Amino acid sequence: MKNVFIGKIAGKSRFNDTLMGFALHYGFRPQVAPAYAAWVKGKVERPYHFIREGFWRGYGFVCRETANNDLLHWLELKDQRVHGTTHEVVSERFARERPHLQELPARAFDTSYRIWRKVCKDCTIRFEGNSYVVPHTLVGKSLTLRVKDKDMRIFDNNDLVVTYEIPEGKGHLVQDGRFYAALKKDREMNRRKYGRRERHKGRARTISPLKAAYTMDVEVRDPALYDRVAGVGI
């Protein structure tokens, strides 16, 4: 598939980064099969036909949890049948093969999809019409959002910043009170942001009859001098 196999680069097969992460997680190495050579891929599609025709066709769906339990029970019953290819009971054959299989990882592969967002000046990122607050130290940086179902995890490189629950609708400000508290306590940042304003407090910024003059020496000239320079009255 084009969305999995990118192409040959320097004679080596280049795969999608997500597929390579999946392969690394479960400990296998993907290989490219020749085009239109289905016999080299193994029976990868037969199980879907077996479950679709044997279980799902005619099944009355209630909810996902119930369906998973019913499917597990159905598979346990089917494991007691004699397989048409091996001519052995499925559960007995699997028990003999199991010692030769690798152990599954402690955690399942992360199938959440990724989005990249830049942190705005107000310490928020935008996603699907809502704003999510992150630490002020990340303003201007590009963060990775990993979204699955109603959960959003925000990463700075490989470091988890915060986990939020995605609200219903749009226009929400989702925040963690710790981030604004940290912003108020950051004295160095506040000094850089407000220090210049404090230094200039009380100094006039415009010359006006109602305002004091700038704090600088300005030469005072007779207006007649300007008339002579302009040639007025000569």
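Quantities reported herein were computed from a predicted structural model and do not represent experimental measurements.
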Result block: side-chain N/O donor-acceptor pairs under 3.5 angstrom for residues 13-22, not counting sequence neighbours:
{"unit_1": "S13", "atom_1": "OG", "unit_2": "K8", "atom_2": "NZ", "d": "3.2"}
{"unit_1": "N16", "atom_1": "OD1", "unit_2": "T18", "atom_2": "N", "d": "2.6"}
{"unit_1": "N16", "atom_1": "OD1", "unit_2": "T18", "atom_2": "OG1", "d": "3.4"}
{"unit_1": "N16", "atom_1": "OD1", "unit_2": "L19", "atom_2": "N", "d": "3.4"}

Non-neighbouring partners of H100 that pass side chain to side chain contact (heavy atoms under 4.5 Å, CB included), sequence neighbours left out = none
Does R52 CZ have over 12 foreign heavy atoms under 6.0 Å away?
-> yes
Could you list the donor-acceptor pairs under 3.5 angstrom formed between side-chain atoms of residues 176-183 and any protein atom two or more places apart in sequence or on another chain?
{"unit_1": "D176", "atom_1": "OD1", "unit_2": "R178", "atom_2": "N", "d": "3.0"}
{"unit_1": "D176", "atom_1": "OD1", "unit_2": "R178", "atom_2": "NE", "d": "3.1"}
{"unit_1": "D176", "atom_1": "OD2", "unit_2": "R178", "atom_2": "NE", "d": "3.0"}
{"unit_1": "D176", "atom_1": "OD2", "unit_2": "R178", "atom_2": "NH2", "d": "2.8"}

What residues form a side-chain hydrogen bond (donor to acceptor under 3.5 Å, both in side chains) with E88, not counting sequence neighbours?
-> R93, R96
For L145 against I125, the heavy-atom pair lying closest together = CD1-CD1, 3.6 Å
May I have the list of side-chain donor-acceptor pairs in residues 129-140 shorter than 3.5 Å, sequence neighbours left out?
{"unit_1": "N130", "atom_1": "OD1", "unit_2": "G171", "atom_2": "N", "d": "3.0"}
{"unit_1": "N130", "atom_1": "OD1", "unit_2": "H172", "atom_2": "N", "d": "2.9"}
{"unit_1": "N130", "atom_1": "ND2", "unit_2": "G169", "atom_2": "O", "d": "3.2"}
{"unit_1": "H136", "atom_1": "NE2", "unit_2": "D186", "atom_2": "OD2", "d": "2.7"}

If you measure from CZ on R46 to OG1 on T85, what distance do you get to the nearest 0.5 Å?
-> 8.5 Å
Pairwise distance CZ(F109) to NE2(H25) - rounded to 0.5 angstrom = 7.5 Å
Hey, quick one: are Y113 and L143 part of the same hydrophobic cluster, counting side-chain heavy atoms closer than 4.5 Å, chains of contacts allowed?
-> yes
What residues form a side-chain hydrogen bond (donor to acceptor under 3.5 Å, both in side chains) with T144, not counting sequence neighbours?
-> W116
Who else is in F50's hydrophobic cluster (ILVMFWY, side-chain heavy atoms under 4.5 Å, direct or via others)?
-> I51, F55, W56, Y59, F61, L71, W74, L75
Give the cluster check for F155 versus V162: same hydrophobic cluster or not, with ILVMFWY residues linked at side-chain heavy-atom distances below 4.5 Å.
-> no
Salt bridge (Lys or Arg N to Asp or Glu O under 4.0 Å) partners of residues 60-85, not counting sequence neighbours, each pair once = none
Which heavy atom in I115 sits nearest to a heavy atom in F127, and how many Å separate them?
-> CD1-CE1, 3.9 Å
More than 12 foreign heavy atoms under 6.0 Å from CD of Q102: is that the case here?
-> no
Could you grab the distance from atom CZ of R98 to atom CD of E103, nearest 0.5 Å is fine?
-> 8.5 Å
Set of salt bridge (Lys or Arg N to Asp or Glu O under 4.0 Å) partners for R221, sequence neighbours left out | E219
Apply side-chain hydrogen bond (donor to acceptor under 3.5 Å, both in side chains) to E168 and list each qualifying residue two or more places apart in sequence or on a separate chain.
-> K150
Under a single-linkage rule joining Ile, Leu, Val, Met, Phe, Trp and Tyr whose side-chain heavy atoms are separated by less than 4.5 Å, which residues share a cluster with V82?
-> V89
Within 6.0 angstrom of F28 CZ, more than 12 heavy atoms from elsewhere = yes
What heavy-atom pair brings A108 and Y26 nearest, and what distance separates the two atoms?
-> CA-OH, 3.7 Å
Could you list the residues that satisfy side-chain hydrogen bond (donor to acceptor under 3.5 Å, both in side chains) with S112, not counting sequence neighbours?
-> D110, R146, R153
